[in-house]
Asks: 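I have a structure I would like to understand better, so I am pasting it below and will then ask my questions one at a time.
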Amino acid sequence: MRLLVTGGAGFIGANFVQQTVLEHPDVTVTVLDALTYAGNRASLDPVAGRVNFVHGDIADLDLVDELVSGVDAVVHFAAESHNDNSLADPWPFVQTNIVGTFSLLQAVRRHEVRFHHVSTDEVYGDLEPDDAAFDETTAYNPSSPYSATKASSDLLVRAWTRSFGVRATISNCSNNYGPYQHVEKFIPRQITNLIGGVRPRLYGAGHQVRDWIHVDDHNRAVWAILERGRIGQTYLIGADGELDNKSVVRMILEAFDLDPDGFDHVTDRAGHDQRYAIDATLLRTELGWTPRYRDFRTGLAATIQWYRDNEPWWRPYKASAERAYAAAGETEINPVL
Ligand code: NAD
Ligand code: DAU
């Protein structure tokens, strides 16, 4: 199989490419990535010489058409992915997540190429503490400019499947953790703060709940869908990993042998989603997928070790990520606990 992977220099995409080279040696991989602030060529160093890399924009219709004409399938990870950035400047999210996905859909339609669209649980909005988890029938209700543009891209995929017969599947996954994640995101931000002797930063009171899954489990689910998923079907991906943010920060501090209360509360995110949770029954029963990382503390410890061992990978990005948070007005607060 010849595979085009968009966003293959980003967090999940780079892990997907590495896993693919290792576990699917018969597959020829081409990566298309614009190398935005979130893309890092070094994330593909472990597979250097074993993948083709194209530096370009998914919204470039001519480039995308040419690349898609030479492959059997596209796995589409490329996106603007950070909620906080979408609050500061939504435009790149509209351009990449909506226009970029449109460009890919036109090409896979023209060349009759299989398409897998990687999306997020955030398209469903958020849950109350006692609500049932999201499943494939949950109504779309996005909260942020990021999640609204991801929801828009999902709807384009559904329309191109129904109206033009594009052979597409969609997956909506919960929060990923693991190696190669940008230091702007919650877990790497706190780990790299602590490596530098800086206290973790918790938004508001830290009661928000996320449903954590290891990136390798996410990517094995993507492979299961690519190989065995039903065309036109959406699959939710999650590993029953619900935790509130404060508990995660305390676990990270404990892993560093520090006082678990040694963090600061900072300005809360505007429109902050309170809880995400995934019911992955369809993926488990129909495609036989199960997560390999069942203990979050163990996966977290390995992730912390990875950031300790790979400071040259993340250090160049740390100061600018922190400057962006400061510019957005992040300050210490005393929340009502
Ligand atoms: P990321 O921000 O780490 O990486 C995004 C990659 O896309 C980068 O390499 C970037 O250079 C590239 N890119 C951005 N704009 C581009 C463009 N116009 N053309 C080509 N390349 C472009 O993101 P991530 O966390 O790896 O997320 C990957 C995908 O998975 C996204 O679609 C995201 O919505 C989805 N997702 C992420 C999570 C998560 O927890 N991180 C969970 C569920 C779904
Ligand atoms: O649910 C899937 C989504 O998960 C993906 O679609 C997104 O691409 C991905 O970024 C992630 O979105 P979140 O907004 O949940 O992730 P983030 O890492 O930004 O934040 C996780 C939680 O931690 C969230 O409740 C905000 C909080 N937070 C975040 C940062 C950066 C903090 O308390 N402190 C922080 O410093």
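In this text the structure is predicted, and so the values were computed from the model without any measurement. When a ligand or atom number is given, it counts from 1 through the structure's own listing order. Values below: every heavy atom of this structure, side chains too, minus hydrogens, waters and symmetry copies.
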Asks: Please confirm whether Phe11 and His182 have ring centers closer than 6.0 angstrom.
Replies: no

Asks: Can you list every pair where an N/O of ligand 1 is under 3.5 Å from an N/O on the protein?
Replies:
unit_1: ligand 1; atom_1: 2 (O); unit_2: Ser81; atom_2: OG; d: 2.7
unit_1: ligand 1; atom_1: 3 (O); unit_2: Phe11; atom_2: N; d: 3.1
unit_1: ligand 1; atom_1: 9 (O); unit_2: Gly10; atom_2: N; d: 2.9
unit_1: ligand 1; atom_1: 9 (O); unit_2: Asp33; atom_2: OD1; d: 3.2
unit_1: ligand 1; atom_1: 9 (O); unit_2: Asp33; atom_2: OD2; d: 2.6
unit_1: ligand 1; atom_1: 11 (O); unit_2: Asp33; atom_2: OD1; d: 2.6
unit_1: ligand 1; atom_1: 11 (O); unit_2: Leu35; atom_2: N; d: 3.4
unit_1: ligand 1; atom_1: 11 (O); unit_2: Thr36; atom_2: N; d: 3.1
unit_1: ligand 1; atom_1: 11 (O); unit_2: Thr36; atom_2: OG1; d: 3.1
unit_1: ligand 1; atom_1: 18 (N); unit_2: Asp57; atom_2: OD1; d: 2.9
unit_1: ligand 1; atom_1: 18 (N); unit_2: Thr96; atom_2: OG1; d: 3.0
unit_1: ligand 1; atom_1: 19 (N); unit_2: Ile58; atom_2: N; d: 3.0
unit_1: ligand 1; atom_1: 21 (N); unit_2: Ala34; atom_2: N; d: 3.0
unit_1: ligand 1; atom_1: 23 (O); unit_2: Ser81; atom_2: OG; d: 3.3
unit_1: ligand 1; atom_1: 26 (O); unit_2: Phe11; atom_2: N; d: 3.3
unit_1: ligand 1; atom_1: 26 (O); unit_2: Ile12; atom_2: N; d: 2.8
unit_1: ligand 1; atom_1: 32 (O); unit_2: Phe77; atom_2: O; d: 2.9
unit_1: ligand 1; atom_1: 32 (O); unit_2: Lys150; atom_2: NZ; d: 2.7
unit_1: ligand 1; atom_1: 34 (O); unit_2: Tyr146; atom_2: OH; d: 2.6
unit_1: ligand 1; atom_1: 34 (O); unit_2: Lys150; atom_2: NZ; d: 3.2
unit_1: ligand 1; atom_1: 40 (O); unit_2: Asn176; atom_2: N; d: 2.9

Asks: For the ring pair Tyr177 and His214, is the centre-to-centre distance below 6.0 Å?
Replies: yes

Asks: May I ask you to check whether Phe115 and Trp160 place their ring centers less than 6.0 Å from one another?
Replies: no

Asks: Going by side chain to side chain contact (heavy atoms under 4.5 Å, CB included), name the residues that satisfy it together with Thr192, two or more places apart in sequence or in a different chain.
Replies: Val183, Tyr307, Trp314, Lys318

Asks: Regarding Arg114 and Asp72, does a basic nitrogen lie under 4.0 Å from an acidic carboxylate oxygen?
Replies: no

Asks: Between Arg292 and Asp217, does any side-chain N to carboxylate O distance fall below 4.0 Å?
Replies: no

Asks: Determine, for Arg228 against Glu286, whether the closest basic-nitrogen to carboxylate-oxygen distance falls under 4.0 angstrom.
Replies: no

Asks: Please report the interatomic distance CG(Asn141) to CG(Asp126), rounded to the nearest 0.5 Å.
Replies: 8.0 Å

Asks: Collect the protein residues that have a non-hydrogen atom under 4.0 Å from ligand 2 and hand them over in chain and number order.
Replies: Ser81, His82, Asn83, Thr120, Asp121, Glu122, Tyr146, Cys173, Ser174, Asn175, Glu184, Lys185, Phe186, Arg189, Gln190, Arg201, Leu202, Tyr203, Gln208, Arg210, Asn245, Arg269, His272, Tyr276, Tyr325

Asks: Without placing hydrogens or testing angles, list every side-chain donor-acceptor pair under 3.5 Å for residues 195-202, not counting sequence neighbours.
Replies:
unit_1: Arg199; atom_1: NE; unit_2: Asp264; atom_2: OD1; d: 2.9
unit_1: Arg199; atom_1: NE; unit_2: Asp264; atom_2: OD2; d: 3.4
unit_1: Arg199; atom_1: NH2; unit_2: Phe263; atom_2: O; d: 3.0
unit_1: Arg199; atom_1: NH2; unit_2: Asp264; atom_2: OD1; d: 3.1
unit_1: Arg201; atom_1: NE; unit_2: Glu330; atom_2: OE2; d: 2.9
unit_1: Arg201; atom_1: NH2; unit_2: Glu330; atom_2: OE2; d: 3.2

